[in-house]
**Q** 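There's a structure below that I have some questions on.
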Amino acid sequence: QVQLVESGGGLVQTGGSLRLSCAASGGTLSNYAMAWFRQAPGKDRELVAAITWNGGYTYHKEKGRFIISRDNAKNTVYLQMNSLRPEDTAVYYCNAGPRHHTFTSPGDYWGQGTQVTVSS
């Protein structure tokens, strides 16, 4: 059973950048499709980005600002966030599903979340 641990969150000013990391253990990362979700106070958890098992296809809710990538050799998935806005403030969660999962619903495995706060 894969375990996921996020890191890289923090406080950043509007227009700044952060790179989140999700380290996987207990499984081979290439066996999983991966995604990032976020949840802001009072809002539902929403899909931010997703990536296929080999990185061949990606989805981004925030086109042009966020980039998901993965390094299967390092068992790590990343979310590069640029031009951050206050409305990006949320807890960001790493999520894993079966190799060909499409994330119309979340995969079975979650990280603990990392807080991203964007100040105005």
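All of these numbers come straight from a predicted model, not from anything done at the bench.
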**Q** Please set out all donor-acceptor pairs under 3.5 angstrom arising from side-chain atoms of residues 77-97, sequence neighbours excluded.
**A**
residue : atom : partner : partner atom : Å
Gln80   : NE2  : Asn82   : OD1          : 3.0
Asn82   : OD1  : Ser17   : OG           : 2.9
Asp88   : OD1  : Arg38   : NH1          : 3.0
Asp88   : OD1  : Arg65   : NH2          : 3.0
Asp88   : OD2  : Arg65   : NH1          : 2.8
Asp88   : OD2  : Arg65   : NH2          : 3.4
Asp88   : OD2  : Arg85   : N            : 2.8
Thr89   : OG1  : Pro86   : O            : 2.9
Thr89   : OG1  : Val118  : N            : 2.9
Tyr92   : OH   : Arg38   : NH1          : 3.0
Tyr92   : OH   : Asp88   : O            : 2.7
Asn95   : OD1  : Gly107  : N            : 2.7
Asn95   : ND2  : Gly107  : O            : 3.1
Asn95   : ND2  : Tyr109  : O            : 2.9

**Q** Linking I/L/V/M/F/W/Y whenever any side-chain heavy atoms sit under 4.5 Å apart, do Trp53 and Trp36 land together?
**A**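 Trp53 and Trp36: separate clusters.
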**Q** My understanding is that only residues two or more places apart in sequence, or in another chain, count here; which of them pass side chain to side chain donor-acceptor pair (under 3.5 Å) with Gln115?
**A**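 Thr117.
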**Q** To the nearest 0.5 angstrom, please state how far the OG1 atom of Thr28 sits from the CG atom of Asn75.
**A** 6.5 Å
**Q** Verify the neighbour count for atom CD of Glu46: are there more than 12 heavy atoms of other residues, nucleotides or ligands below 6.0 Å?
**A**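 Atom CD in Glu46 is packed in, count exceeds 12.
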**Q** Measuring from atom CG of Leu20 to atom OG1 of Thr76, what distance do you get when rounded to the nearest 0.5 angstrom?
**A**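 These two atoms lie 12.5 Å from each other.
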**Q** Report whether Ile68 and Val2 are members of the same hydrophobic cluster (ILVMFWY, side-chain heavy atoms less than 4.5 Å apart, transitive linking).
**A** yes
**Q** Within this structure, what is the OH-OG1 distance for the pair Tyr57 and Thr102, rounded to the nearest 0.5 Å?
**A** 10.0 Å
**Q** Nearest heavy-atom pair of Leu4 and Ala24: which atoms, and what distance?
**A** CD2-CB, 3.8 Å
**Q** How far does CE of Met34 sit from CG of Asn72, to the nearest 0.5 angstrom?
**A** 9.5 Å
**Q** Can you tell me if Arg99 uses its side chain to pair, donor with acceptor, with the backbone of Asn54 under 3.5 Å?
**A** no
**Q** Quick one: closest heavy-atom pair of Tyr59 and Leu47, and the distance?
**A**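 For Tyr59 and Leu47, the tightest heavy-atom pair comes out as CE2-CD2, 3.7 Å.
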**Q** Hey, what do you get for CZ (Arg70) to CG (Leu29), rounding to the nearest 0.5 Å?
**A** 4.0 Å
**Q** Taking Ser105 for the side chain and Phe103 for the main chain, is one N or O donor matched with an acceptor at less than 3.5 Å?
**A** no
**Q** Measure the shortest side-chain to side-chain distance between Trp110 and Arg45 over non-hydrogen atoms and say whether it is less than 4.5 angstrom.
**A** yes
**Q** Cut-off 3.5 Å, no hydrogens considered: what does the side-chain donor-acceptor table look like for residues 7-16, sequence neighbours left out?
**A**
residue : atom : partner : partner atom : Å
Thr14   : OG1  : Ser119  : O            : 2.7

